[in-house]
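Down below is the structure, laid out as structure tokens.
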Amino acid sequence: MKVGLFGANGRMGRVLVEALDLSEDAMLSVATVRDDSAWVGMNVGELAGIGKKPITCSPISSLQQDSADVMIDFTLPAVIESNLAWCVKNNMPVVIGTTGLNDTQLAALDEAAKQIPIVFAANYSVGVNLMLSLVRQAASVLGNTADIEITEAHHRYKQDAPSGTAMAIGEAIADELGRDLKTCAVYGREGKEPERDQGTIGFATVRAGDIVGEHTALFADIGERLEITHKASSRLTFAKGAVHAAQWLHGRKPGLYSMANVLGLPA
Ligand code: NAD
């Protein structure tokens, strides 16, 4: 199966090159970068630090319908709509890992999924997707008595906060408890605050150094607390998950699929 990359020169793009090189069933067929990028013509293997490979980075405008069977997009929200438009026009399935999408960009995703198959996940690691099931279970037992706080830490370059994964954890817990995250979320705290409202879900963010990604869901009552934590130590875990999702997506009918669908986990 031929897999193409949007944004091959990004932190995730480079690791996706490596994950595709490691895959026995999927192979990298095209690696795109911005038309004006200094990386056009650069060997992808050298870009990813895995030795010379037979593909060089090509400008995004050179992308053709037969360039790939499935595309993978880990770019930035600003380009998601144009990448989706290209996929729809060329009937191309796409795996999307870009996070921090606004309501308009999410609506564009829903619209595109009426015409092409899409996997969209805030996090492609198996452990985090298992965590999404575990927090639902914890919420169903403890959620109406415990205080719920979600903390996350990422590298200094991350541009969206809280992380898409932290938001997905919050959505899963709120959904399980019949709450609306839009009204019950509290983001950060500062200064004098009223006593904690038990119906809220708190979020706290750390941005520092080269932290790949850490998430904790805390359920705290008087006398005990439960913490469910996931720590990613390499971006390769996200990249391998995205390649797995691309293989799963190939040949599916149009629709918006989650990583839980890909892994066969309860949604
Ligand atoms: P990055 O900044 O290193 O890379 C961004 C990529 O987007 C680059 O290749 C860049 O060239 C491309 N890009 C930016 N502007 C562009 C434009 N105008 N036209 C075309 N391409 C453009 O970021 P990153 O750390 O690789 O993360 C990329 C995205 O993936 C982020 O949204 C991040 O939050 C997300 N992410 C998701 C997961 C997951 O499992 N879902 C894991 C890690 C990161």
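Residue numbers start at 1 and run along the sequence shown. The figures here come from the full heavy-atom set of this structure, side chains too, leaving out hydrogens, waters and symmetry mates. When a ligand or atom number is given, it counts from 1 through the structure's own listing order.
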May I ask whether [X] has any heavy atom positioned less than 4.0 angstrom from an atom of ligand 1?
X      : answer
Arg235 : no
Asn123 : yes
Gly100 : no
Val79  : yes

Of the backbone atoms (N, CA, C, O) and the side-chain heavy atoms from C-beta on, which set of [X] has a member under 4.0 Å from an atom of ligand 1: side chain, backbone, both, or neither?
X      : value
Ala122 : backbone
Gln159 : neither
Ser163 : neither

Please determine whether a side-chain nitrogen of the Lys or Arg among [X] and [Y] lies less than 4.0 Å from a carboxylate oxygen of the Asp or Glu.
X      : Y      : answer
Lys2   : Asp66  : no
Lys182 : Asp180 : no
Arg179 : Glu171 : no
Arg207 : Glu152 : yes
Lys240 : Glu18  : no

Looking only at side chains, do [X] and [Y] share a donor and an acceptor under 3.5 Å apart?
X      : Y      : answer
Asp197 : Thr200 : no
Ser61  : Asp35  : yes
Thr237 : Ser125 : no

Could you list which atoms of ligand 1 come closer than 4.0 Å to a heavy atom of [X]?
X      : result
Gly7   : 9 (O)
Asn9   : 8 (C), 9 (O), 11 (O)
Ala121 : 41 (N)
Lys158 : 34 (O)
Gly10  : 3 (O), 4 (O), 8 (C), 9 (O), 26 (O)

(request) Using distance alone, determine whether His155 and ligand 1 share an N or O pair under 3.5 Å. (result) no

(request) May I ask you to check if ligand 1 and Pro77 share an N or O to N or O distance below 3.5 Å? (result) no

Heavy atoms only: which of [options] lies closest to [atom]?
atom                    : options               : answer
atom 35 (C) of ligand 1 : Ala245, Gly241, Gly97 : Gly97
atom 24 (P) of ligand 1 : His154, Met12, Arg34  : Met12
atom 29 (C) of ligand 1 : Thr75, Val128, Thr98  : Thr75
atom 33 (C) of ligand 1 : Thr99, Asn129, Ile96  : Thr99

(request) Side-chain contact test, heavy atoms from C-beta onward, threshold under 4.5 Å: evaluate it for Lys53 versus Asp21 and give yes or no. (result) yes

(message) Counting C-beta onward and ignoring hydrogens, is there a side-chain heavy-atom pair between Val95 and Ile118 closer than 4.5 Å?
(response) no

(message) Would you call the rings of Phe74 and Tyr124 parallel, tilted or perpendicular, taking 30° and 60° as the class edges?
(response)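 Phe74 and Tyr124: tilted rings.
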
Looking at [atom], what's its closest protein heavy atom, distance included?
atom                    : value
atom 14 (C) of ligand 1 : Leu76 CD1, 3.6 Å
atom 30 (O) of ligand 1 : Phe74 CD2, 3.6 Å
atom 40 (O) of ligand 1 : Tyr124 N, 2.9 Å
atom 23 (O) of ligand 1 : Arg11 NH2, 3.7 Å

(request) Give me the one residue out of Asn102, Thr98, Thr104 that meets side-chain contact (heavy atoms from CB on, under 4.5 Å) with Ile80. (result) Thr98

(request) Might you work through the side-chain contact (heavy atoms from CB on, under 4.5 Å) test for Ile169 and His215, ending with a clear yes or no? (result) CA-CA 9 Å; Ile169 292 168; His215 295 88; 3.8 Å; yes

